[in-house]
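First the structure, in the form of structure tokens, and then the observations on it.
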Amino acid sequence: MKKAEIKLNVELDDKNVPETIQWSSSDGENSDEMNAKALFLALWDAQYKNSLRIDLWTKDMPYDEMKRFFYETIQTLGDSFLRASGGDPMAEKVIGDLRDYCAHFAEKMEVIEPQS
């Protein structure tokens, strides 16, 4: 069995606001620590049937980048759900609705250019 380790290092200020976020993976091309400005981590607790989340962003995360980060995260959650659904037609339909919402979000938040 293969194992991989993902490390997260978060440096906090005196008010527990992230100053820096660094991450590394033992299974990547490069095991050096890399900088990040934000992270969303979600875990499923099978015993209690609920999700556990950590959402962090550094003080210097620009708002425009945060909007893009949210947009891309929502899009990729849809991709992940489709892969996990095993071809369920209802999942395809619902994720289509999610894609419509993502386009709406992106337009309203000016993440992408409006479609004409």
Side-chain angles (χ1 to χ4, degrees):
M1 175 182 285
K2 183 177 178 179
K3 286 188 178 185
E5 180 177 61
I6 298 171
K7 287 184 181 180
L8 297 168
N9 288 308
V10 180
E11 185 178 317
L12 305 171
D13 69 8
D14 58 346
K15 294 180 182 170
N16 289 330
V17 176
E19 292 274 359
T20 63
I21 299 171
Q22 294 183 316
W23 71 279
S24 63
S25 170
S26 64
D27 198 27
E29 290 180 19
N30 181 355
S31 62
D32 295 340
E33 283 193 337
M34 297 189 296
N35 292 318
K37 295 214 180 236
L39 73 89
F40 296 144
L41 176 65
L43 304 166
W44 180 250
D45 184 327
Q47 179 180 356
Y48 293 105
K49 306 286 188 248
N50 65 4
S51 59
L52 309 167
R53 288 189 1 257
I54 299 173
D55 305 334
L56 298 174
W57 53 92
T58 60
K59 293 178 187 182
D60 63 343
M61 174 74 168
Y63 182 55
D64 285 347
E65 289 181 22
M66 181 60 82
K67 293 187 300 186
R68 182 72 185 215
F69 183 47
F70 269 79
Y71 167 73
E72 290 185 12
T73 299
I74 295 168
Q75 288 278 43
T76 57
L77 284 171
D79 297 340
S80 295
F81 190 78
L82 283 176
R83 281 194 311 275
S85 74
D88 178 5
M90 183 55 72
E92 296 276 347
K93 185 176 181 177
V94 170
I95 296 306
D97 293 341
L98 179 64
R99 299 263 187 258
D100 291 343
Y101 172 74
C102 284
H104 172 76
F105 176 89
E107 184 177 335
K108 293 293 183 188
M109 297 303 290
E110 300 177 342
V111 173
I112 59 174
E113 295 296 317
Q115 301 291 325
S116 21

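Please read all numbers here as calculations on a predicted model, not as lab measurements. FYI, side chains are in, hydrogens and waters are out, and symmetry mates aren't considered; it's all heavy atoms of this structure.
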Side chain to side chain contact (heavy atoms under 4.5 Å, CB included) against [X], all qualifying residues, sequence neighbours excluded:
| X | answer |
| --- | --- |
| Ala4 | Ser26, Asp27 |
| Lys15 | Asp13, Val17 |
| Asp60 | Lys37, Thr58 |
| Met34 | Trp23 |

By salt bridge (charged side-chain N to carboxylate O under 4.0 Å, His left out) - contacts of [X] (at least two apart):
| X | result |
| --- | --- |
| Asp32 | none |
| Asp64 | Lys67 |
| Lys7 | none |
| Glu33 | none |

Which atom pairs, one a donor and one an acceptor, fall under 3.5 Å between side chains of residues 75-83 and the rest of the protein, sequence neighbours left out?
unit_1: Gln75; atom_1: OE1; unit_2: Arg99; atom_2: NH1; d: 2.9
unit_1: Gln75; atom_1: NE2; unit_2: Tyr71; atom_2: OH; d: 3.1
unit_1: Thr76; atom_1: OG1; unit_2: Glu72; atom_2: O; d: 3.1
unit_1: Thr76; atom_1: OG1; unit_2: Thr73; atom_2: O; d: 3.1
unit_1: Asp79; atom_1: OD1; unit_2: Arg99; atom_2: NH2; d: 2.3
unit_1: Ser80; atom_1: OG; unit_2: Thr76; atom_2: O; d: 3.1
unit_1: Ser80; atom_1: OG; unit_2: Arg83; atom_2: NH2; d: 3.4

Taking the side chain as everything from C-beta on, heavy atoms only, tell me whether Ile74 gets closer than 4.5 Å to Leu98. yes
Are any of the side-chain heavy atoms of Phe69 and Met61 separated by less than 4.5 Å? yes
When clusters are formed by joining ILVMFWY residues with side-chain heavy atoms under 4.5 Å apart, either directly or through shared neighbours, do Met109 and Tyr101 land in the same one? yes
Sequence neighbours left out, cut at 3.5 Å: what donor-acceptor pairs do the side chains of residues 38-51 make with other protein atoms?
unit_1: Asp45; atom_1: OD1; unit_2: Gln47; atom_2: N; d: 3.0
unit_1: Asp45; atom_1: OD1; unit_2: Tyr48; atom_2: N; d: 3.0
unit_1: Lys49; atom_1: NZ; unit_2: Ala46; atom_2: O; d: 2.8

What one should report as the nearest heavy-atom pair of Leu56 and Pro18 is CD2-CG, 4.1 Å
Looking at residues at least two apart in the chain, or sitting in another chain, which of them share a side chain to side chain donor-acceptor pair (under 3.5 Å) with Asp55? Arg53
List in chain and number order the residues that pass side chain to side chain donor-acceptor pair (under 3.5 Å) with Asp14, two or more places apart in sequence or in another chain; answer none if no residue qualifies. none
Got a second to check how far [X]'s [atom1] is from [Y]'s [atom2], nearest 0.5 Å?
| X | Y | atom1 | atom2 | answer |
| --- | --- | --- | --- | --- |
| Ser85 | Glu92 | OG | CD | 6.0 Å |
| Thr20 | Asn35 | OG1 | CG | 7.0 Å |
| Ser25 | Leu8 | OG | CG | 10.5 Å |

Heavy atoms of other groups near Ile6 CD1, more than 12 under 6.0 Å: no
